[in-house]
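Inspection log for the structure reproduced underneath, given as C-alpha cells.
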Amino acid sequence: MTAEYGAGALIVCDSLVRIYQTEDVEVQALQGLDLLVDEGELVAIVGASGSGKSTLLGVLSGLDAPTAGRARVADWDLLAMTPRQRLQYRRTTVGFVWQQTARNLLPFLTAAENVELPMAVVGVRRGERAGRPMELLDALGLADRAHRRPAELSGGEQQRVAIATALANRPRVVFADEPTGELDRATGDEVFAAIRDVNRTLGTTVVIVTHDAGVASQVRRTVSIRDGRTSTEVLRTDAGDAGREYALIDRVGRMQVPAAYRRALGLHERVRLELEPDHLGVWADDREEERP
Ligand SMILES: Nc1ncnc2c1ncn2[C@@H]1O[C@H](COP(=O)(O)OP(=O)(O)OP(=O)(O)O)[C@@H](O)[C@H]1O
C-alpha cells in the first residue's frame, strides 16, 4: 500500500475544489489545489487578485468548507469537524494575523492584555498565564510597549503585537493574510524580520498569504497560486540567493510551465520532450504543419 499523500506533513491540501454558486454563475475558486507544508516551515503563498488565496485561507482557517478534496492541519480533518471542534481548532491549533491592524487587536486593551486574551478565552488559569505576554512581547522586541494601547503604537508595532497575540496559545501554525499590506516597505520588512525570527526561534510554522511577489525575497519557500491551483515554487537556499524556480507536478503528471518560459520559447499546445539521463528536454513543436 502506498503512503497517504502528505502523510508526514503538517498541512495537507489534496485536490481541493471550492465552487461558489451564485444565482446564475458558478465560480471555481479552487480547482484541484495541492499543497504540503511541513512542520517548522515559513511559506509564502503568492497569487494575483482572484487567484483563490482568500478561499484557501478560509478553508485552512476552518471558516469555510471545500466542495471536494481533502484538507488536514495537524490531526484535524477540516472537512469533518463539528462546530465545537472547529472552535477548538481555531482557538488552539492555529493563530491569525490579518492585514487590517485594527482587526487583530482590541483597542481598549493594552498590548500585554491583548496577548493574554486568547489564553483567558480558552480557560488558561491566571497563574499559568502570568509571564507569557511579557515573554512574547519581549521576543518581538516590544517589552517597553507592553502597557500601551494599539492607538499608542505604530502600525509595525501593532502588527508585531498581533504576532505575539497569535502565538499566545502556542499554535501549530500561524496564518498571516497580507500582514504587511497596510505598512510602508521599511516597516513591512521589520514585520517580516519578526515573523522569520518567531519561525526560527519558536519553531512555529508560518503561512503568509499575499499578492506581493516581492515577498519571495523574505522567505525560503514561495508557492504561486494561479487559477485556484498551485503552479510554481521558488526555493531560496541562503539569504541573498536569488532562488531557483520549481514547477509542481501533480500526481497524474501535469505540470504548469510558467508563462514567461512559454512565451520565450514559443511553447504552446504541443511540445517535444526528450528524456535525458538527468533531465527532461522540452522544445517547441517545430514540425511542419500537417495539412489535410
Ligand atoms: N462568496 C463568493 N461568491 C462567489 N464567488 C466568489 C466568492 N468569493 C470569491 N469568489 C470568486 O472566487 C475567485 C477566487 O477568489 P479569492 O477571493 O479566493 O481570490 P484572492 O486571490 O484572495 O483575491 P484577492 O487578492 O483579491 O482577495 C474569484 O473569481 C472570486 O470572484
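These values consider heavy atoms only, across backbone and side chains, with no hydrogens, waters or symmetry-generated copies. Remember, it's 1-based here, ligands and their atoms both numbered in the order they're listed. From a predicted model like this one, the values you see are computed outputs, not experimental measurements.
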The side-chain contact (heavy atoms from CB on, under 4.5 Å) partner of Phe192 among Leu183, Thr187, Asp197, Val215 is Val215
Show me the donor-acceptor pairs, under 3.5 Å and distance only, between side chains in residues 19-32 and residues at least two apart or in other chains.
unit_1	atom_1	unit_2	atom_2	d
Tyr20	OH	Thr55	OG1	3.0
Thr22	OG1	Val25	O	3.0
Gln31	NE2	Asp227	O	3.2

Pairwise side-chain contact, Thr204 with Asn199, heavy-atom cut-off 4.5 Å (strictly under): no
Go through the steps to decide whether Arg220 and Leu42 satisfy the test side chain to side chain contact (heavy atoms under 4.5 Å, CB included), and finish with yes or no. CA-CA 7 Å; Arg220 190 172 169 274; Leu42 167 57; 6.0 Å; no
Identify all side-chain donor-acceptor contacts of residues 169-181 below 3.5 Å with residues at least two apart in sequence or on another chain.
unit_1	atom_1	unit_2	atom_2	d
Asn169	ND2	Arg91	O	3.3
Asn169	ND2	Pro118	O	3.0
Arg172	NE	Glu39	OE2	3.4
Arg172	NH2	Glu39	OE1	3.0
Glu178	OE1	Thr210	OG1	2.9
Glu178	OE1	His211	ND1	3.4
Glu178	OE2	His211	N	2.9
Glu178	OE2	His211	ND1	2.7

Can you name the residues that come within less than 4.0 Å of ligand 1, going by heavy atoms only? Tyr20, Thr22, Val27, Ala29, Ala48, Ser49, Gly50, Ser51, Gly52, Lys53, Ser54, Thr55
Could you tabulate the donor-acceptor pairs under 3.5 Å formed by side-chain atoms of residues 257-284, not counting sequence neighbours?
unit_1	atom_1	unit_2	atom_2	d
Arg262	NH1	Val257	O	2.4
Arg272	NH1	Glu274	OE1	2.9

